[in-house]
Amino acid sequence: MARILITSALPYINGIKHLGNLVGSQLPADLYARYMRARDHEVMFICATDEHGTPAELAAAKTGEAVDAYCARMHEVQADLARGFRLSFDHYGRSSSARNRALTQHFAGKLAENGFIEEHSEKQVYSIADGRFLPDRYIEGTCPNCGYDRARGDQCENCTKQLDPTDLINPRSAISGSTDLEVRETKHLYLRQSLLKGEIDAWIDAQTDWPLLTTSIARKWLHDGDGLQDRGITRDLHWGVPVKKGDAEWPGMEGKVFYVWFDAPIEYIAATAEWADATDKSDKDWERWWRTDKGAEDVRYVQFMGKDNVPFHTLSFPATIMGSREPWKLVDYIKSFNYLNYDGGQFSTSQGRGVFMDQALSILPPDYWRWWLLSHAPESSDSEFTWENFQASVNKDLADVLGNFVSRITKFCRSKYGEVVPEGGETGERAAALVAELEIRVRAYESHMEAMEVRKAAAELRAIWAAGNEYLQSAAPWTVVKTEPERAAAMVRLSLNLVRLYAVLSEPFIPDAAAVMLEAMGTTDRSWPGNVAAALETLPAGHAFTTPDNLFRKITDEEREDWEKRFSGVRS
RNA sequence: GGCUAGGUAGCUCAGCUGGUUAGAGCACGUGACUCAUAAUCACGGGGUCGGGGGUUCGAGUCCCCCCCUCGCCA
């Protein structure tokens with residue numbers, strides 16, 4: 001039994017995520033976690049909402065809530081949706097937790113002690129009306145280069161010229177529109193990543209089994225231009241982790257907070273501590289996942305994320321951990337995803353384009369979405385969601401291939417033998433061939449799951465389902481039963497056992513349907529098939545079962561057209 | 001403009017270090033079956049592997065040039 005730590009990139013707090021966000025990290029991470037648990041490994045699966053920063057403050061201001069109340073509410077909304085999609089987090093934490101505050105301050109203190117923090121004085125624009133400093137994106141004005149009147153503080157979107165906020169003509173706050181601005185001197189902390197460049201470089205070089213997508217992004221940032229740059233880790237905001245050196249005050253940094261990218265990944269660790277708190281465990285229990293001096297040396301740590309998150313996880317977060325000079329666990333494998341497009345364009349949170357998690361669940365149960373998203377995960381390149389493809393995939397794979405298999409065998413058995421696994425007879429050559437095929441396919445499925453080859457695993461699982469239909473079709477118990485009822489009984493017995501096997505194998509993809517299948521088969525035996533032949537003798541003759549309702553319904557053309565229209569525009 | 005990843009059957013995609021007639025699922029056609037959610041199973045049609053050069057006995061697979069899509073960066 002191995003110990004596997006799994007984290008999914010943290011969804012930002014300001015709003016409901018779309019299906020592209022879901023398939024880019026949380027969903028494949030859940031697939032992997034469920035599979036590893038099914039294989040009897042000890043799994044810690046962690047996710048959390050990323051709550052700090054200006055976007056959260058602005059979103060709260062819009063709804064008229066205090067920012068902490070807004071975050072608490074939105075956390076519940078997102079946690080609810082995660083449950084709705086059956087995401088099996090051991091803990092769904094919050095980056096605004098007390099644990100993360102303490103841990104973030106602890107890391108900052110250690111980094112300072114070890115000489116990896118530098119104080120910089122800089123000039124920034126302060127808005128008197130808003131009572132705050134305005135980061136680059138939150139100040140607008142006229143571009144001195146081209147005259148475009150909505151240039152942002154960091155860049156003019158019209159002529160692409162890079163700007164300093166102080167260059168803008170007639171600058172105004174993008175938050176309130178106020179022009180009552182002044183330039184103030186402010187001090188910030190920088191993480192001296194440049195000093196760690198050699199160490200990070202060597203570490204990346206050692207990751208020979210990582211996908212090119214991951215290492216090439218890291219190398220680009222390490223080697224381009226002047227190499228890895230130091231980064232500011234503090235901001236003049238109210239909402240965030242107060243800047244402290246461990247438990248101690250940080251002179252000159254009063255009223256400032258850590259920048260969100262610094263505290264967010266630390267939340268992976270803090271959320272595990274939150275898990276311990278929530279389940280009445282001790283510090284030891286979470287530290288054995290994260291501290292290599294306290295039992296984590298045999299943990300395999302896998303991170304899931306979209307490609308946009310790769311730089312933070314290959315450079316910034318490792319720099320934080322390495323620079324602490326404490327024995328924290330570094331990631332062992334990063335699984336990154338490309339983007340999912342929506343019907344010829346991009347999913348867009350800001351424009352409300354695409355299908356969002358709450359909308360998806362309002363029209364169909366989670367298994368339908370899980371199956372389509374995972375079997376079309378954007379692994380090797382960006383992939384595309386279309387309603388037509390979704391309908392075809394769900395109807396064919398889930399309803400016709402798997403659902404109908406369960407339906408035809410349980411109903412046939414019920415009408416000929418009653419709702420009991422029939423006894424007698426011997427299975428023949430066809431059954432032996434089926435077992436041999438499944439033995440090969442199940443091993444292939446396992447190796448794809450272990451390698452996190454999500455699409456390939458889905459394709460293999462589908463082939464495993466189809467093998468059951470092929471067997472039934474060629475064995476034809478409905479014909480055999482007329483002349484040799486015992487031989488037909490053996491075929492039915494084998495097929496009912498296939499239903500249980502399918503439930504066990506399919507659970508990581510479609511947990512609800514798997515639960516229904518197991519319940520219908522009247523068993524709680526979820527043991528993984530070490531040997532397919534043996535696994536197909538789990539339900540003995542005389543074992544009672546029930547005939548379930550259809551596992552999946554089909555999506556009609558009318559529904560598809562309706563949804564296509566409903567989700568074509570902008571979310572209201 | 002620089003960089004990454006792509007451009008393979010109508011659609012969504014596989015094709016590792018170059019090697020027999022280029023694969024899968026869906027869609028389409030024909031047949032079989034009738035237990036089942038008008039489901040299933042078998043067989044078949046369909047591609048000059050973005051374009052052009054080159055290396056090689058042999059290239060979708062390597063090299064060069066060009067075109068197109070997507071993303072990141074400046």
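Lettering follows sequence order; numbering is per chain, from 1. Side chains are part of it too, since the values below use all heavy atoms of this structure and drop only hydrogens, waters and symmetry mates. Predicted, not measured: the structure shown is a model, and the values here were computed from it.
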Kindly confirm or rule out a cation-pi arrangement of A:K335 over A:F337, judged by NZ or CZ under 6.0 Å from the six-membered ring centre and within 45° of its axis?
-> yes

For B:rG18 and B:rA59, measure between their P atoms and round to the nearest Å.
-> 13 Å

When you check the gap from the basic side-chain N to the acidic O, do A:R441 and A:E460 get nearer than 4.0 Å?
-> yes

A:A488 to A:V480 - nearest heavy-atom pair and separation | N-CG1, 3.9 Å

Charged N to carboxylate O below 4.0 Å: is that the case for A:E419 and A:K411?
-> no

Centroid separation A:F317 to A:F312 less than 6.0 Å = no

With rounding to whole Å, what would you report as the distance between B:rA27 and B:rC68 at their P atoms?
-> 36 Å

In whole Å, what is the span from the CD atom of A:E379 to the C1' atom of B:rA5?
-> 15 Å

Within the side chain of A:Y32, is there an N or O that forms a donor-acceptor pair under 3.5 Å with the backbone of A:P508?
-> no

Rounded distance [0.5 Å steps], CZ in A:R500 versus CG in A:D525 | 4.5 Å

How far does the P atom of B:rA22 sit from the matching atom of B:rG45, given to the nearest Å?
-> 13 Å

Pair A:K456 + A:E379, salt bridge at N-O below 4.0 Å | no

Restricting to nitrogen or oxygen on both sides, can you table the protein-nucleotides 22-30 of chain B pairs closer than 3.5 Å?
{"residue": "B:rG25", "atom": "O3'", "partner": "A:R462", "partner atom": "NH2", "Å": "3.1"}

Quote, to the nearest angstrom, the C1' distance that separates B:rG51 from B:rG46.
-> 23 Å

Please state whether the base of B:rA39 and the side chain of A:N404 form at least one donor-acceptor pair under 3.5 Å?
-> no

Mind checking A:A466 for me? I need base, sugar-phosphate or nothing, with any heavy atom below 4.0 Å counting as a touch.
-> sugar-phosphate

Atom-to-atom span, CG of A:L398 to P of B:rA39 - whole angstrom | 15 Å

Between A:N550 and A:W465, which is nearer to the 5' end of RNA chain B once each is assigned its nearest nucleotide?
-> A:N550

A:D332 bridged to A:R300 by N-O distance under 4.0 Å | no

Nucleotide of B:rA36, B:rU12, B:rA39 approaching A:D400 most closely (side-chain heavy atoms) = B:rA39

Exercise: identify the closest heavy-atom pair between A:S316 and A:W261 = CB-CZ3, 3.2 Å

Which of the following nucleotides, B:rA39, B:rA36, B:rU34, is nearest to the side chain of A:R408?
-> B:rA36

Nearest-Å distance, CD1 (A:I409) to P (B:rC35)?
-> 12 Å

Send over the distance from A:L340 CG to B:rU12 P, rounded to a whole Å.
-> 13 Å

Using atom P of each nucleotide, how far apart are B:rG15 and B:rC28 to the nearest Å?
-> 27 Å

A:F412 CZ to B:rC33 C1', straight-line distance once rounded to whole Å = 13 Å

Atom-pair distance (CD on A:E470; P on B:rC35), nearest Å = 21 Å

Dot-bracket summary - RNA chain B, pairs being Watson-Crick or G-U whose distances fall under 3.5 Å, with | when paired to another strand = (((.(((..((((.....[...)))).(((((.......))))).....(((((..]....)))))))).))).

On a whole-Å scale, what distance lies between the C1' atoms belonging to B:rC11 and B:rG53?
-> 32 Å

Could you work out the separation of B:rG2 and B:rU69 based on their P atoms and round it to a whole Å?
-> 16 Å

Consider the side chain of A:A399, meaning its heavy atoms from C-beta on, and name the nucleotide among B:rU37, B:rC13, B:rC41 that approaches it most closely.
-> B:rU37

Using the P atom as the reference point in each nucleotide, state the distance between B:rA39 and B:rC73 in Å, no decimals.
-> 47 Å

Give one of base, sugar-phosphate or nothing for A:N469, where a contact means two heavy atoms less than 4.0 Å apart.
-> sugar-phosphate

Write down the protein N/O and nucleotide N/O pairs, taken from nucleotides 15-17 of chain B, whose separation is under 3.5 Å; answer none if there are no such pairs.
{"residue": "B:rG15", "atom": "OP1", "partner": "A:K456", "partner atom": "NZ", "Å": "3.2"}

Given RNA chain B, 5'-ward residue of the pair A:S415 and A:H376, judged by closest heavy atom = A:H376

Remember a base hit wins even if backbone is also touched, and classify A:F405 as base, sugar-phosphate or nothing at under 4.0 Å, heavy atoms.
-> nothing

Looking only at heavy atoms, the pair that brings A:A264 and A:L10 closest together is O-CD1, 3.3 Å

From CZ of A:R430 across to P of B:rU40 the rounded distance in Å is 20 Å

Can the ring centres of A:Y368 and A:F390 be said to be less than 6.0 Å apart?
-> no

Any chance the rings of A:F304 and A:H313 have centres within less than 6.0 Å?
-> no

Please give, in whole Å, the distance from B:rA39 P to A:R553 CZ?
-> 15 Å

Without swapping roles, check the side chain of A:R370 against the backbone of A:I510 for a donor-acceptor pair under 3.5 Å.
-> no

Would you classify A:L551 as touching base, sugar-phosphate or nothing, given that sugar-phosphate means primed atoms plus P, OP1 and OP2, and contacts are heavy atoms under 4.0 Å?
-> base

